[in-house]
Amino acid sequence: MDNTFVTTEWLAAHLSDPNLVVVDASWHLPNASRNAQAEYLAGHIPGAVFFDIDGIADTSTNLPHMLPSPADFARMVGALGISNEMTIVIYDELGLFSAPRVWWTFDTFGAEKVHILTGGGPKWRAERRPLEAGLHKRPLARFEVKFHPERVAHFDLVRARSQDEAAQILDARPAQRFHAEVPEPRPGLRAGHIPNSRNIPVSLLSENGALKSPEALKEIFANRGIDLSRPIITSCGSGVTASTLALALDQVGAKTVAVYDGSWSEWGARPDAEVES
C-alpha cells in the first residue's frame, strides 16, 4: 500500500490488523467553540488513539503547537502505543484539516507507513460505520525516530529565502489575511505576508473533505506560477494548513518542500520581520 490516502472501505476491512493504528488528529481553531478531545471521547473510529496537536509539541515556546524534539516525540507517541513500524492511518473530524499536520509530523520524524483517511470522520460517520466511546489505550510501543530536518523551515531560513528568493514561499491563509484586508485572528500579530511570498489559499486544494486530484492540483499550482522542480517553503497561520499545502505538493511530485513551523504566528509577531501587504 503505497498511496498516501486510504478509503473508508479499506480501513473498515483492516481495523483488526494488529500492526495498524488509527489516529484521531482532530484540532479546531480557538474561535471554533469545539473541543476535539471531548468529541473523541464521545465517539471515534474503533481503536483510534487521540493525537493532541497542542500537547505533542514543544511547550517551552509561546508559539502554538511547534514540533517537539525528536526524543520527546518518540516518548509521547510511544506512550500512545505507536511504533515507527506500524501502518498509521490519520483522520480528523473536519474531513481534511488537521490530519495533514499530523501526517507531516510523523513523516518528518521518520514514519514510513503513514496515511490519511479520505473524507475523514465525516465520511466514516455519513456511512454509518461503527464508533467507539471513551479513551482507547494501546500497549506501550517504541518509536525509533529518523528525523528529516530538511522538512522543517525555521525563521532565519525563511527570512533568507524571502530575501534571495532561492525558494518559493507559499502562504495557505485566506487571501484577505494575506493581503491585510482583515485583522489576524490571533491577538498581537501584524497583518500582511512574508515579502516575496505567494498566496495559495488552502480552500483551493480540497472539496468535500478530500484533496483534489493531482491533475487539478497541478493546474492550480501552474496557474499561480509555481515551479514544482524548485525548492518550496509553505506557511500559514500556525503551521496546520501549511501542512495541507505540503501534502498537496507531495501529491504532485514537488521535489523539495519544507513547512515553516512558526508560520505567521512567529513572523507576524517579530518586530525584526519585514511585512508586506
Side-chain angles (χ1 to χ4, degrees), residues 27 29 53-54 56-70 73 97-109 147-175 177-180 184-186 188-205 221 224-228 230-252 254-277:
W27 177 83
L29 291 168
I53 287 178
D54 290 319
I56 302 178
D58 178 3
T59 56
S60 69
T61 174
N62 61 356
L63 294 172
H65 41 254
M66 295 284 283
L67 282 182
S69 69
F73 179 81
F97 178 57
S98 50
R101 169 70 186 194
V102 177
W103 164 84
W104 172 75
T105 300
F106 273 105
D107 183 70
T108 298
F109 286 120
F147 184 49
H148 296 287
E150 72 280 2
R151 300 273 286 155
V152 189
H154 299 293
F155 177 82
D156 289 340
L157 174 68
V158 178
R159 181 164 58 179
R161 296 295 81 84
S162 169
Q163 294 168 350
D164 64 24
E165 298 187 64
Q168 304 159 99
I169 302 173
L170 310 184
D171 191 323
R173 291 177 300 155
R177 289 171 62 189
F178 182 84
H179 293 296
E184 281 295 303
R186 287 183 173 83
L189 299 183
R190 293 170 292 168
H193 59 263
I194 299 168
N196 295 314
S197 62
R198 281 177 270 185
N199 187 212
I200 301 187
V202 70
S203 59
L204 297 177
L205 307 177
F221 292 128
R224 301 271 169 152
I226 308 306
D227 185 346
L228 300 177
R230 293 184 57 226
I232 295 171
I233 296 171
T234 66
S235 181
C236 63
S238 65
V240 174
T241 56
S243 302
T244 306
L245 187 47
L247 172 67
L249 290 161
D250 177 80
Q251 294 298 291
V252 298
K255 300 302 181 186
T256 306
V257 180
V259 170
Y260 175 23
D261 199 16
S263 283
W264 197 253
S265 293
E266 179 176 39
W267 193 278
R270 288 188 61 145
D272 58 338
E274 187 180 351
V275 170
E276 286 185 349
S277 58

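Along the sequence shown, residues carry numbers from 1. Given the structure is predicted, the values throughout are model-derived calculations rather than measurements.
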(message) For a quick test of reading the model, state the closest non-hydrogen atom pair linking S235 to Y260 and the distance between them.
(response) OG-CD2, 3.6 Å
(request) Would you please name every residue forming a side chain to side chain donor-acceptor pair (under 3.5 Å) with N199, sequence neighbours left out? (result) none
(message) Please enumerate all residues that pass side-chain contact (heavy atoms from CB on, under 4.5 Å) together with H154, with sequence neighbours excluded.
(response) V152
(message) Test of understanding: with side chain to side chain donor-acceptor pair (under 3.5 Å), list the residues that count as partners of W267, not counting sequence neighbours.
(response) none
(message) Holding to side-chain contact (heavy atoms from CB on, under 4.5 Å), I want the full list of residues that pass it with P68, two or more places apart in sequence or in another chain.
(response) I56, D72, F73, M76, F109
(message) Looking at every non-hydrogen atom in both residues, tell me the closest pair between L63 and S265 and how far apart they are.
(response) CD2-O, 3.6 Å
(request) Measure the shortest side-chain to side-chain distance between T108 and V259 over non-hydrogen atoms and say whether it is less than 4.5 angstrom. (result) no
(request) Find out whether V102 and W27 are in side-chain contact, i.e. whether some heavy atom of one side chain is under 4.5 Å from a heavy atom of the other. (result) no
(message) Let me confirm one number: the CG-CD1 distance from D227 to I232, rounded to the nearest 0.5 Å.
(response) 7.5 Å
(request) Mind listing the closest non-hydrogen atom pair of R224 and L204 along with its distance? (result) NH2-CD1, 3.3 Å
(message) I'd like to check the side-chain contact (heavy atoms from CB on, under 4.5 Å) partners of R190; sequence neighbours left out, ordered by chain and number.
(response) A273, V275
(request) Would you indicate whether the side-chain heavy atoms of F178 and S197 approach each other to under 4.5 Å? (result) yes
(message) Applying side chain to side chain donor-acceptor pair (under 3.5 Å), can you list everything that pairs with Q251, at least two apart in sequence or on another chain?
(response) T4
(message) To check you understand the geometry: which heavy-atom pair defines the closest contact between N196 and S162, and what is its length?
(response) ND2-O, 2.7 Å
(message) Please list all pairs meeting salt bridge (charged side-chain N to carboxylate O under 4.0 Å, His left out) that have one or both residues in residues 256-268, counting only residues at least two apart or in different chains.
(response) R101-D261, E266-R270
(message) Going by the rule salt bridge (Lys or Arg N to Asp or Glu O under 4.0 Å), which residues pair with R173 if we only count those two or more places apart in sequence or in a different chain?
(response) D171, E184
(message) I need the minimum non-hydrogen distance between A191 and W264, along with the two atoms involved.
(response) C-CZ2, 4.1 Å
(request) Give, for atom CH2 of W103 and atom OG1 of T105, the distance between the pair rounded to the nearest 0.5 Å. (result) 10.0 Å
(request) Output the distance between atom CG (L249) and atom CD1 (I226), rounded to the nearest 0.5 Å. (result) 8.0 Å
(request) Output all residues satisfying side-chain contact (heavy atoms from CB on, under 4.5 Å) with E276, sequence neighbours left out; order by chain, then residue number. (result) H193, P195
(request) Output all residues satisfying side chain to side chain donor-acceptor pair (under 3.5 Å) with S60, sequence neighbours left out; order by chain, then residue number. (result) D58
(message) Within the structure provided, determine whether D107 and H148 are in side-chain contact (heavy-atom separation under 4.5 Å).
(response) no
(request) Only counting residues at least two apart or in another chain, list the ones meeting salt bridge (Lys or Arg N to Asp or Glu O under 4.0 Å) with R159. (result) D156, D272
(request) Quick one: pull up OG1 in T234 and CH2 in W104 and give me the separation to the nearest 0.5 Å. (result) 8.0 Å
(request) Heavy atoms only: give me the nearest A57-I53 pair and the separation to one decimal. (result) CB-O, 3.6 Å
(message) Within the 4.5 Å heavy-atom criterion, are I169 and V158 side-chain neighbours or not?
(response) yes
Using residues 236-247 as the side-chain source, report each donor-acceptor pair under 3.5 Å to any protein atom, sequence neighbours left out, with the distance given to one decimal.
from, atom 1, to, atom 2, distance (Å)
S238, OG, H65, NE2, 2.8
S238, OG, R186, NH2, 3.3
S243, OG, G239, O, 2.9

